[in-house]
Colleague: 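Let me begin by handing over the structure; questions about it come next.
All figures in this text were calculated on a predicted structure; none of them were measured in a lab. Within every chain, numbering begins at 1; the chains are lettered A, B, ... in the order of the sequence lines, protein sequences first and strands thereafter.
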Amino acid sequence: MVNAIHVDHVSKTYGSFRAVDDLSFEVNQGEIFAMLGPNGAGKSTTIRMILDILKPDVGTISVFGGPLTDAKKDRIGYLPEERGLYRNVKVLEMMTYLGTLKGMTQRNAQSRSKELLERLALIEHRDKKVSELSKGMQQKVQFAVTVLHDPDLIIVDEPFSGLDPVNTLVIKDLMLDMKQRGKAVVMSSHEMHQVEEMADRLLMINRGRQALYGPVDEVRRRYAIHAVIVEGQGAWEQLSGVQRVEPHKNGRNAAILHLAPNVTSNDLLATIAAAPNATIERFELAVPSLNDIFIQVAGRDE
Amino acid sequence: MNAIWQVFRYEILRNGRRRGYLFTTFGFPIVAFLFLLVMQNINAGSAPEPEAAAEAITEFADFEGIEQAAYIDQSGLFTDVPEEPNLIRYTDLEAARADLIADAVDAVYVIDPDFADTGKVTLMVREVSLNGITTAPVYHLIYTEIGELITDQRILARMQDPVNLNTINLQREGTEQNEDTSFVLVYGFAILFAITVFGTSGYLMQSVIEEKENRLVEILITSIRPGQLLTGKILALGTLGLFQLIAWIGISYLLVNSQANGAALIPFLATLRIPTEPLPILAIYFVLGYLMFSAVFGGIGAISNSISEGPQLSVIFVLPSMVPFYLFPMFISQPDGTLPVLFSLFPLTAPLSMTMRLVSAPVPGWQIVISVILLALTTIALFWAAGRLFRVQSLLAGKVPKLRDLPRLVFEKA
């Protein structure tokens, strides 16, 4: 199957500032692909190059197996980081217009807009001006505009910013639904738990360069330390196989037990079970959250 | 093509519903007409009818605010003036003064012995009132005195209003209008041109800046090409401008020719003869002028970040292009003069200059050809530059670029 996006050794420089530096990655159909990175890492520049708003200095980008054409643009939905809607235009009218710009017929764009407004519980606001909607509602309308023409690829920059938990769920469902129907979803987000929960693969950019790239589970495992997190009572330092103990920063009563190279977590569990004065309430592998990895990788390059 | 059409359609619907546009298109000509109607009625009440035939002097002269005037002739010039009920002759200054105090007369004119040489007359009044200060009784005395010598009363009457001037400008031979009506035509067309062209290209700038300010432009240009967006907008607003122009001419035509009781409501306007021959050339200038300014305004919109910045920048182009308007007396008096010709060749001022010249007098063909070619080339160049700015700059949020950065923005690649 043809990749939705293929970025091949792409660089982009603004004056003396290297925004993107020899970046390569692929996005497949039917996956949610996360782009992570600190502010100013080059995510937006990369997205703009994929969308042909900016041209790379070197390298090539292909979308759906070739350069981006006008026809292919109609197969892409884009939610920019800086949201934009006409403020003094009625919701349905604006959605219909933006739909026709994506090659939909007037009638088709209108009926599909109504369908989405219905799904997002905004149908009764269709004749209101955008400026009369709450911020959360505007966000939902913005997302609806992105998926209005049922694109094969959506690129969403911070899709959940400004949304309450209920609306976050609604948008998440829409994105998972797209994935299930074989569409490619590229999301750039700072909300790591969302990425962890939803994304299949990720790319982390730092200072324009690739910092991490691969399936989310694999990346987390790669960053897993040879340790377990335990919560409970016990003289952890004295257990055999434990090299050193450090308090877990989130746990009230938790500790990270670093294991000796030849000791597995199963061995340690057996040791704890056999120890006379030890009780445990929690026992898990010390797989770092993406957040930890993010901070670690971003901090390392400082 | 579909994308341009969609933008065109949307912009027509959106801008055509703006209150400002609707008022300028339909309200303005009506308000202007009502204004002229009121002005005409005010004038009709005070000014003498310019075309009036000479009439004989009336028996009793009207001395404006004075009911009873008196005079003492110390010059001895007015011997043949008969006694009149409202202009009484006194010989004794004290008697006249007494009657003035007693309210028997309202004003006493003492004609100085040297009147023939100096024109000196002393006016005595009881109290100062503006109505009471008039030279009308003295004129009356003079005309009456001369009237005895002149047998034709019409000549006498003509002396009071000797000339009804109708100026024919030799530079504009072949046109039969007088200066007043061509003044109205030149002025009218210039205003019409300025409001429609600057008005609609102003809307264009506004709609570009709005999309930038709303951050919509990033979504728009990932859907269609910036050039398509700009083209759709320019065509839509140009169509609205053209419609405005047609609406104005149509409404003006109906109103000017409207009649009440068989007479034109504004007789002065009814004498206007709008020249039809230059209309096709005027249309070319309107279209090219609009396109040129829409490119300028579109480009300015692309580099402005807020609604307030755009107009500030556009003044740089609007002010010089309006220079012919400030010099319009020159365009009326010597349409073939050096300055008007230069202004009508220079692209920025050409549309307005040519509009003003074409409605007042025929313009040599070579001037039109050169001016249209220069204007068209400039328009193409500006369009190209606007397209470049629209592409690169519209995305760079933040601040308006410095003047010295503009060439780089136009020429560098994205």
Side-chain angles (χ1 to χ4, degrees), chain A residues 12 14-15 44-45 47-57 63 68-90 93-106 109 130-131 138 141-143 145-146 148-149 151 153-155 157, chain B residues 1-20 203 206-233 236 305-307 388 390-398 401 405 408-409 412-414:
Chain A
K12 175 79 184 174
Y14 297 118
S44 292
T45 301
I47 290 176
R48 285 175 173 177
M49 286 192 290
I50 294 170
L51 292 167
D52 202 28
I53 299 171
L54 297 174
K55 305 254 183 267
D57 298 336
V63 178
L68 190 62
T69 58
D70 284 351
K72 282 181 186 171
K73 279 187 182 176
D74 290 348
R75 294 170 62 194
I76 302 176
Y78 175 41
L79 177 72
E81 184 181 4
E82 299 205 67
R83 310 289 197 252
L85 294 171
Y86 288 108
R87 309 219 16 98
N88 293 316
V89 180
K90 290 175 182 168
E93 188 183 331
M94 180 198 64
M95 288 179 72
T96 307
Y97 170 55
L98 294 175
T100 58
L101 292 186
K102 284 289 188 185
M104 300 174 88
T105 63
Q106 185 82 14
V130 172
S131 55
Q138 290 186 20
V141 170
Q142 187 94 52
F143 195 87
V145 168
T146 311
L148 187 61
H149 52 298
L153 164 66
I154 62 168
I155 298 177
D157 210 341
Chain B
M1 204 55 221
N2 180 51
I4 295 176
W5 163 246
Q6 294 297 351
V7 175
F8 175 82
R9 186 175 172 280
Y10 179 75
E11 294 290 342
I12 288 263
L13 286 175
R14 195 157 134 66
N15 291 291
R17 282 183 302 194
R18 281 182 198 267
R19 260 179 240 132
Y203 282 135
Q206 201 176 331
S207 97
V208 171
I209 295 178
E210 216 166 63
E211 282 165 6
K212 268 197 79 180
E213 219 174 24
N214 289 342
R215 308 276 170 213
L216 234 177
V217 71
E218 196 163 357
I219 294 181
L220 294 175
I221 62 168
T222 49
S223 303
I224 59 174
R225 292 189 199 164
Q228 294 174 320
L229 184 62
L230 192 61
T231 310
K233 279 180 189 293
N305 281 303
S306 69
I307 290 291
R388 300 287 302 185
F390 210 71
R391 193 164 76 115
V392 187
Q393 186 58 39
S394 58
L395 285 167
L396 302 182
D405 294 332
R408 184 176 57 77
L409 288 170
E412 82 175 358
K413 71 171 197 160

Colleague: Are more than 12 heavy atoms from other residues, nucleotides or ligands located less than 6.0 Å from atom CZ of B:R225?
Modeller: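 No, the 6.0 Å shell around CZ holds no more than 12 heavy atoms from other groups.
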
Colleague: Take atom NZ of A:K72 as the centre, draw a 6.0 Å sphere, and report whether it contains more than 12 heavy atoms from other residues, nucleotides or ligands.
Modeller: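 More than 12 heavy atoms, drawn from other residues, nucleotides or ligands, come within 6.0 Å of this atom.
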
Colleague: Given side chain to side chain contact (heavy atoms under 4.5 Å, CB included), test A:Y97 with B:R14 step by step and report yes or no.
Modeller: CA-CA 11 Å; A:Y97 170 55; B:R14 195 157 134 66; over 6 Å; no

Colleague: At their closest point, which heavy atom of A:L101 faces which heavy atom of B:V7, and how far apart are they?
Modeller: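 Minimum heavy-atom separation between A:L101 and B:V7: CD2-CG2, 3.9 Å.
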
Colleague: Run the salt-bridge test on A:R48 and B:E218 with the 4.0 Å N-O cut-off and return the result as yes or no.
Modeller: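 Here A:R48 pairs with B:E218 in a salt bridge, since their nearest N and O are under 4.0 Å apart.
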
Colleague: Would you name the heavy atoms of A:K102 and B:T222 that are closest together and state the gap between them?
Modeller: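 It is NZ-O, 3.3 Å.
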
Colleague: Nearest 0.5 Å please: distance from the CD1 atom of B:I224 over to the OG1 atom of A:T100.
Modeller: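 Interatomic distance, B:I224 CD1 to A:T100 OG1, rounded to 0.5 Å: 9.0 Å.
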
Colleague: Assess the residue pair A:Y78 and B:I221 against the criterion (side chain to side chain contact (heavy atoms under 4.5 Å, CB included)); give the C-alpha distance rounded to whole Å, side-chain angles, the decisive distance to 0.1 Å, and a yes or no.
Modeller: CA-CA 11 Å; A:Y78 175 41; B:I221 62 168; over 6 Å; no

Colleague: Should the pair B:R9-A:E93 be classified as a salt bridge under the 4.0 Å nitrogen-to-oxygen rule?
Modeller: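 Judged by the 4.0 Å cut-off on N to carboxylate O distance, B:R9 and A:E93 do not form a salt bridge.
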
Colleague: Count the heavy atoms of every other residue, nucleotide or ligand shown that sit under 6.0 Å from CZ of B:R17, and state whether that count exceeds 12.
Modeller: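 Enclosed: over 12 neighbouring heavy atoms sit under 6.0 Å from CZ of B:R17.
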
Colleague: Between A:L85 and chain B, which part of the residue has a heavy atom less than 4.5 Å away: side chain, backbone, both or neither?
Modeller: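 Contact with chain B involves the backbone of A:L85 alone.
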
Colleague: Measuring from atom CE of A:M94 to atom OH of B:Y10, what distance do you get when rounded to the nearest 0.5 angstrom?
Modeller: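 So the gap between those two atoms works out to 8.0 Å.
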
Colleague: What part of A:L98 gets closer than 4.5 Å to chain B, counting heavy atoms only: side chain, backbone, both or neither?
Modeller: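 Contact with chain B is through the side chain of A:L98 alone.
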
Colleague: Name the option with the most non-hydrogen atom pairs under 4.5 Å to chain B; the candidates are A:V89, A:D74, A:L79, A:I76.
Modeller: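 Going by pairs under 4.5 Å, I would pick A:V89.
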
Colleague: With a 4.5 angstrom heavy-atom cut-off, which part of B:E211 approaches chain A: side chain, backbone, both or neither?
Modeller: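 The side chain, not the backbone.
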
